[in-house]
Number of protein chains: 2
Amino acid sequence: MSEFLKGSGSPQQLYKQGWNIFKEQVSLPVAVIKQDAIRQNAQWMAQFARQNNVLLAPHGKTTMSPELFKYQLEAGAWAITLANVPQVLSAVGAGIERIILANQLVGRHHFELIAQLLKSTGLEFYCFVDSVDNAKALGEFFASKNLKLNIVLELGVVGGRCGCRSVDDIDTLILACSEYECLQIAGLGFYEGVISGENAAQSVAEFVADVVAQAKRLHQQDVFAQPEPIITGAGSAWYDIVTKVLVSSECEKQFRLVIRPGCYLIHDTGIYQNAQQAILARSEFANSVDGSLVSSLYIWAYVMSVPENGLAIVGMGKRDVAFDAGLPTAELVYSPRDQHLKNTVSDLYVEKIMDQHAMLRFSLNHPLNVGDMVCFSTSHPCLTFDKWRQIGIVERDWVITKTISTHF
Amino acid sequence: MSEFLKGSGSPQQLYKQGWNIFKEQVSLPVAVIKQDAIRQNAQWMAQFARQNNVLLAPHGKTTMSPELFKYQLEAGAWAITLANVPQVLSAVGAGIERIILANQLVGRHHFELIAQLLKSTGLEFYCFVDSVDNAKALGEFFASKNLKLNIVLELGVVGGRCGCRSVDDIDTLILACSEYECLQIAGLGFYEGVISGENAAQSVAEFVADVVAQAKRLHQQDVFAQPEPIITGAGSAWYDIVTKVLVSSECEKQFRLVIRPGCYLIHDTGIYQNAQQAILARSEFANSVDGSLVSSLYIWAYVMSVPENGLAIVGMGKRDVAFDAGLPTAELVYSPRDQHLKNTVSDLYVEKIMDQHAMLRFSLNHPLNVGDMVCFSTSHPCLTFDKWRQIGIVERDWVITKTISTHF
């Protein structure tokens, strides 16, 4: 059956004019992204990067959709960032040519896979390193293969995630790396997104300033293999502060500065909307860019049952939408019976979510009926994307004109 | 590249003897299930059903793996239960011939898809109905297609999920159904898993007793289209009580009694282990079955970084494992360097999980090193399964001898 259907492979075009959600040509729940929203978001972040002289290596883990990686590169991104080796293979298979693996490369099978890529493609590849053990394992393996490997030394915060915690750690690591000619120290990397708490903004700025100080010190000591090493950091919550500290320290004369936000393209109406509002409120760096980011990702689902007054059971659950950083928000209701689209957000809220269902409370002023379609926006796009193998691209009329595939 | 790799399609056999995790022939993280564990679990539940004269229609939504559906049917299951139409299509595509859609069938596109199946296959299909609106829509559609549809009237609990809440609701629904000859009332269905609180066990028993009373009343009133209508309920937490109430009310003389637990085949070391322990503690129905259920699903992941004493960052995150009902439990550590397998569960615990990483605290008595492999058991198999397109089947030596595919 040639269908655009959850759990099936690549769809064939069943309806020549696309799949019309309102005409019930689509199996719900369905995840869709708005073409005009991702266009606006891609342009916004590209302008932010251009205005501030930083390079953009968006984290591809959010969508794991090579079609979107290419779209981001066409909009001016310098590279794609990824989280693990299977993700790298998917991206290279789709033709991506410059990749930052913003994690440690660990495990002999992964070494083999990356070595094969380096031998058989023109891939420009960087990976993070933060330990002597890892440096030795990489050094021995890649030396045995006669391959050079670009490594980015990762610095981290105490209590955080990966990365060297002290100057001693860094120097010990560099000493270990220096034993292996194949290990090309290509720069410094970090992830400030683990910093939280009341003074988070200031702590982020201080951490990035520390990274910059180390970068300058190591540059003076001629540690880097390349004339223009990279400094790379920044998730979607603090990219403005990271950029500000990097740029104001005049690093761009010695370094290529690379930011790696992942969620800007899809955005949401939850945690990343909040983060972006905070960025716009505090930052002249972001404020000087036209417009802002908008949520692009929506789930349409049917009302399956209205078993009590004011309670609708919707056919969308944890299997379909992220729920770890706020529940989805009901935005629109379409009734196929009277062909009427209603904007009744303030009357609806998701009370609870189960594996395949959501419990939606509604006001009796705007009753819901079995068979109505509800459109939800989301919080935390990464964990919605990884629930879908195919996602529809819609125009403003909610007609799915094409689909993109994900590689989770 | 012919790899068993996350995000890629069906793997080809790269290693003739299977993929050996300990020999680092596999990309980690990897999800595997133990062959002997699912064998034991399938036999256990089949024996439970046989001993108690109930039919088993395991909920397939847990794994959405047709290979496992077939395995469950071979072990004696009567049907497969599913949650939505795409799931039904996947199962029918894999040759499953009797399906309970334990939800409402809503939406014209779904009607069309089911009508096509009924016309073109020998599928025996049941779906739940709980509203007049839905009954009318189904009746009009299936009458227009000259097709009969087996419907199961759903009863629910106040404050719960779907299902009629009162006798009036039921009778009104039956009246609506009687307008359409194509709607064949095949029995009653319910889901008691939404009942919680201190007296949950008693509330479940009372609810099931209410269902039985309604079933007997409707049978007397000749409402059912079939001589042996079904009564179907029971998730993985209360199947013993449901069975006890159904069997002790001597329903099996008039009805086929069908239980629908979904998680028993995979099981876990979290919420379903707790539920099963409670079942064994309270129920002679479960106690008389040999042995019990065992956790079959494990995730192996690398230690990527040990940035602080006692803190390991593992390459497994919310993208790889369920986190909504307890974090995964570290069970084993294998060090490829010294080829040593350690059972150090009590020294390890998962402190936090992010999209692609877990923070694992370890005792300094049993230090972890970068490159070590950690094996995790899980809580809530449904939300781990839906993160993987391929899952490995392992023997006791942790060699993956084949893979199964999922259809999410």
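Chain letters run A, B, ... following the sequence lines, proteins first and then strands; every chain starts at 1. Predicted, not measured: the structure shown is a model, and the values here were computed from it.
- Using a 4.5 Å cut-off between heavy atoms, A:Q87 touches chain B through its side chain atoms alone.
- Between chain A and the options B:N134, B:L311, B:T406, B:V85, heavy-atom pairs under 4.5 Å are most frequent for B:T406.
- Atom CZ of A:R161 and atom NZ of B:K352 lie 9.0 Å apart (nearest 0.5 Å).
- Separating the CD atom in A:Q104 from the NE2 atom in B:H357 is a distance of 7.0 Å, to the nearest 0.5 Å.
- Here the OG-NZ distance, from A:S90 to B:K6, works out to 11.0 Å after rounding to the nearest 0.5 Å.
- The most heavy-atom pairs under 4.5 Å with chain B, out of A:C382, A:G93, A:G371, come from A:C382.
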Just do the side-chain contact (heavy atoms from CB on, under 4.5 Å) check on A:N84 and B:Q356 with the steps written out, would you? CA-CA 9 Å; A:N84 60 33; B:Q356 307 273 169; 3.6 Å; yes
After noting the C-alpha distance and the side-chain angles of A:F408 and B:F408, does the key distance pass the ring-ring contact (aromatic ring centres under 6.0 Å, His included) rule? CA-CA 11 Å; A:F408 291 103; B:F408 290 103; over 10 Å; no
What do the steps show when you test A:E112 against B:E24 for side-chain contact (heavy atoms from CB on, under 4.5 Å), and what is the final call? CA-CA 10 Å; A:E112 295 275 7; B:E24 298 198 89; over 6 Å; no
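- B:P307 is not listed as a side-chain neighbour of A:C162, based on a closest heavy-atom distance of 4.5 Å or more.
- For A:R108, the parts lying near chain B are the backbone and the side chain together; criterion is any non-hydrogen pair under 4.5 Å.
- No part of A:F128 comes within reach of chain B, as not one of its non-hydrogen atoms sits under 4.5 angstrom from that chain.
- For A:S166, no part lies near chain B; criterion is any non-hydrogen pair under 4.5 Å.
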Just do the salt bridge (charged side-chain N to carboxylate O under 4.0 Å, His left out) check on A:D386 and B:K318 with the steps written out, would you? CA-CA 10 Å; A:D386 69 15; B:K318 293 178 179 180; over 6 Å; no
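- Only the backbone of B:V157 comes within contact range of chain A, judged by heavy atoms closer than 4.5 Å.
- Contact count against chain A (heavy-atom pairs under 4.5 Å) is highest for B:R319 among B:K23, B:R337, B:R319, B:M354.
- Your options are B:R389, B:H407, B:M304, and the one with the most heavy-atom pairs under 4.5 Å with chain A is B:R389.
- Classified by interplanar angle (parallel below 30°, tilted 30° to 60°, perpendicular above 60°), the ring pair B:H110/A:Y302 is perpendicular.
- For B:D338, the CG atom counts as densely surrounded, since its 6.0 Å shell holds more than 12 non-hydrogen atoms of other residues, nucleotides or ligands.
- For the atom pair B:D130 CG and A:I313 CD1, the distance stands at 9.0 Å (nearest 0.5 Å).
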Run the side-chain contact (heavy atoms from CB on, under 4.5 Å) test on A:D355 and B:K61 for me, step by step, so that the C-alpha distance in whole Å, both residues' side-chain angles and the decisive distance to 0.1 Å come before the verdict. CA-CA 9 Å; A:D355 285 6; B:K61 79 175 177 71; 2.9 Å; yes
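- Closest heavy-atom contact between B:S27 and A:P86: OG-CG, 3.4 Å.
- Contacts of A:M359 with chain B are made by side-chain atoms alone, with heavy-atom separations under 4.5 Å and no backbone atom involved.
- One N or O on the side chain of A:E308 and one on the backbone of B:G159 form a donor-acceptor pair closer than 3.5 Å.
- Heavy atoms of A:V303 lying under 4.5 Å from chain B belong exclusively to its backbone.
- Top candidate by heavy-atom pairs under 4.5 Å with chain A, chosen from B:R165, B:K387, B:E154, B:H380, is B:R165.
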